[in-house]
Amino acid sequence: MKNTLSIIKPDATKRNLVDQINKLITTKDLKIVAQKRIKLEPDEAKAFYIVHKDKPFFNDLIKYMTSNEIVVQVLEGVNAIEDYRKIMGATNPEKAEDGTIRKNFAINIQENSVHGSDSEENAKIEIDFFFKNNEVS
């Protein structure tokens with residue numbers, strides 16, 4: 001079994017969509033093995049998104065990710081990373097397939113409701129950023 005990180009972003013928590021998003025996740029052979037609701041501080045958001053620090057959208061991303069609570073989760077499945085990325089849909093909700101989280105719930109390309117790890121290496125880094133070993137079953 002593999003793990004991946006899921007973040008339900010501020011636009012979705014603000015609109016009380018966590019249960020609806022989790023229903024989509026768990027009907028696709030993924031299990032939520034750890035979950036917590038947190039409010040990111042600006043320094044935490046900057047540390048998490050450090051790979052984007054030189055991009056023009058960085059400051060807007062930090063402002064957005066600290067605008068409301070988020071739900072961070074560890075998902076488990078045979079192909080957790082690939083399966084979750086399919087369930088999320090394209091970053092731009094206008095290009096996302098019908099039935100995906102982003103097609104169903106995203107507001108726009110920035111407020112796109114969810115984040116998921118893009119590789120095994122990043123999944124480990126991202127999970128370790130938010131969770132201690134004893135918090136993941």
Side-chain angles (χ1 to χ4, degrees):
M1 291 296 215
K2 305 278 185 189
N3 288 344
T4 192
L5 182 79
S6 165
I7 300 176
I8 301 177
K9 294 180 176 181
D11 68 278
T13 61
K14 194 179 299 181
R15 293 178 291 142
N16 202 28
L17 297 173
V18 174
D19 289 342
Q20 291 175 63
I21 291 170
N22 282 341
K23 185 175 180 182
L24 283 175
I25 291 169
T26 57
T27 59
K28 302 292 183 183
D29 296 325
L30 290 169
K31 181 180 176 184
I32 300 168
V33 295
Q35 179 185 71
K36 58 185 167 182
R37 183 180 289 261
I38 61 172
K39 178 86 165 65
L40 280 178
E41 295 297 324
D43 287 346
E44 293 171 309
K46 287 176 185 175
F48 184 75
Y49 286 106
I50 192 76
V51 298
H52 299 303
K53 73 177 188 298
D54 295 327
K55 298 193 175 142
F57 60 82
F58 182 71
N59 289 333
D60 288 337
L61 175 63
I62 301 311
K63 185 176 178 185
Y64 163 61
M65 290 301 294
T66 58
S67 67
N68 201 49
E69 293 179 324
I70 62 172
V71 174
V72 291
Q73 306 177 128
V74 178
L75 308 180
E76 179 184 80
V78 175
N79 297 306
I81 295 164
E82 297 84 1
D83 290 348
Y84 186 51
R85 293 192 69 76
K86 286 179 195 168
I87 294 165
M88 287 191 310
T91 303
N92 182 343
E94 293 177 11
K95 296 181 180 177
E97 290 184 33
D98 288 342
T100 61
I101 294 168
R102 289 177 173 152
K103 185 68 166 187
N104 291 354
F105 303 116
I107 295 171
N108 55 47
I109 197 165
Q110 180 180 341
E111 295 177 299
N112 61 15
S113 299
V114 289
H115 164 88
S117 305
D118 62 4
S119 68
E120 283 188 44
E121 178 185 6
N122 283 339
K124 177 163 181 21
I125 292 166
E126 292 178 351
I127 290 167
D128 289 348
F129 186 90
F130 290 108
F131 293 92
K132 297 178 178 90
N133 284 338
N134 65 347
E135 292 181 303
V136 180
S137 50

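Below, each value reflects all heavy atoms present in this structure, side chains not excepted, and no hydrogens, waters or symmetry copies. Keep in mind the model is a prediction, meaning the values are calculated, not measured.
By the 4.5 Å heavy-atom criterion applied to side chains, F130 and I7 are counted as neighbours. Contact of the T4 side chain with the L30 side chain is not registered, since no non-hydrogen atoms from C-beta on lie closer than 4.5 Å. Under the 4.5 Å side-chain criterion, counting only non-hydrogen atoms from C-beta, D83 is not in contact with V78. Side chains of Q110 and F57 form no contact here, defined as non-hydrogen atoms less than 4.5 Å apart. Side-chain contact between D118 and I81 is absent, with no heavy-atom pair separated by less than 4.5 Å. Using a 4.5 Å heavy-atom threshold, the side chains of Y84 and K28 count as separate.
When each of N68, L40, T66 is checked for a side-chain contact (heavy atoms from CB on, under 4.5 Å) with P10, only N68 meets the rule.
Put simply, CG on L24 and OG1 on T27 are 5.5 Å apart, with the number rounded to the nearest 0.5 Å. Taking OG of S6 as the reference point, atom CD1 of I101 lies at 6.5 Å (rounded to 0.5 Å). Put simply, CG on N3 and CG on L75 are 8.0 Å apart, with the number rounded to the nearest 0.5 Å. The line from NZ of K9 to CD1 of I107 is 11.5 Å long, rounded to the nearest 0.5 Å.
Side chains of Q73 and N22: a donor-acceptor N/O pair is present below 3.5 angstrom, by distance only.
Follow the hydrophobic side-chain contacts under 4.5 Å out from I70 and you never reach I21; the two are in separate clusters. Linking ILVMFWY side-chain heavy atoms closer than 4.5 Å, directly or via other members, places I127 and I25 in two distinct hydrophobic clusters. Criterion: ILVMFWY side-chain heavy atoms under 4.5 Å apart, direct or through other members. Under it, F131 and V18 are not part of a common hydrophobic cluster. When hydrophobic clusters are built by joining Ile, Leu, Val, Met, Phe, Trp and Tyr residues whose side-chain heavy atoms come closer than 4.5 Å, directly or via intermediates, L5 is not grouped with I32. The cluster map of Ile, Leu, Val, Met, Phe, Trp and Tyr, joined by side-chain heavy atoms under 4.5 Å apart, puts V33 and I125 in different clusters.
Nearest approach of A106 to N112, heavy atoms of both residues: CB-CA, 3.5 Å. Closest heavy-atom contact between E126 and S117: OE1-OG, 2.6 Å. In terms of heavy atoms, H115 sits closest to R102 at CA-NH2, 4.2 Å. The heavy-atom pair separating Y49 from F58 by the smallest distance is O-CE1, 3.4 Å. In terms of heavy atoms, I62 sits closest to P42 at CG2-O, 4.0 Å. Residues E94 and K103 come closest through the heavy atom pair O-NZ, 3.9 Å.
Other residues, nucleotides and ligands contribute over 12 non-hydrogen atoms within 6.0 Å of the CD atom of E82. Counting heavy atoms of neighbouring residues, nucleotides and ligands inside a 6.0 Å radius, atom CG of N108 exceeds 12 of them.
Listed by first and then second residue, the salt bridge (charged side-chain N to carboxylate O under 4.0 Å, His left out) pairs involving residues 55-66 amount to none (not counting sequence neighbours). Listed by first then second residue, pairs satisfying salt bridge (charged side-chain N to carboxylate O under 4.0 Å, His left out) with a partner in residues 10-22 read D11-R15, not counting sequence neighbours. Within the structure, every pair that satisfies the salt bridge (charged side-chain N to carboxylate O under 4.0 Å, His left out) test and touches residues 29-51, not counting sequence neighbours, is listed here: K36-E135, R37-E69.
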Go through the steps to decide whether I8 and L17 satisfy the test side-chain contact (heavy atoms from CB on, under 4.5 Å), and finish with yes or no. CA-CA 9 Å; I8 301 177; L17 297 173; 6.0 Å; no
Yes or no on side-chain contact (heavy atoms from CB on, under 4.5 Å) for V114 and F105, after CA distance, side-chain angles and deciding distance? CA-CA 9 Å; V114 289; F105 303 116; over 6 Å; no
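The backbone N or O of A12 sits nowhere less than 3.5 Å from a side-chain atom of S113 that would complete a donor-acceptor pair.
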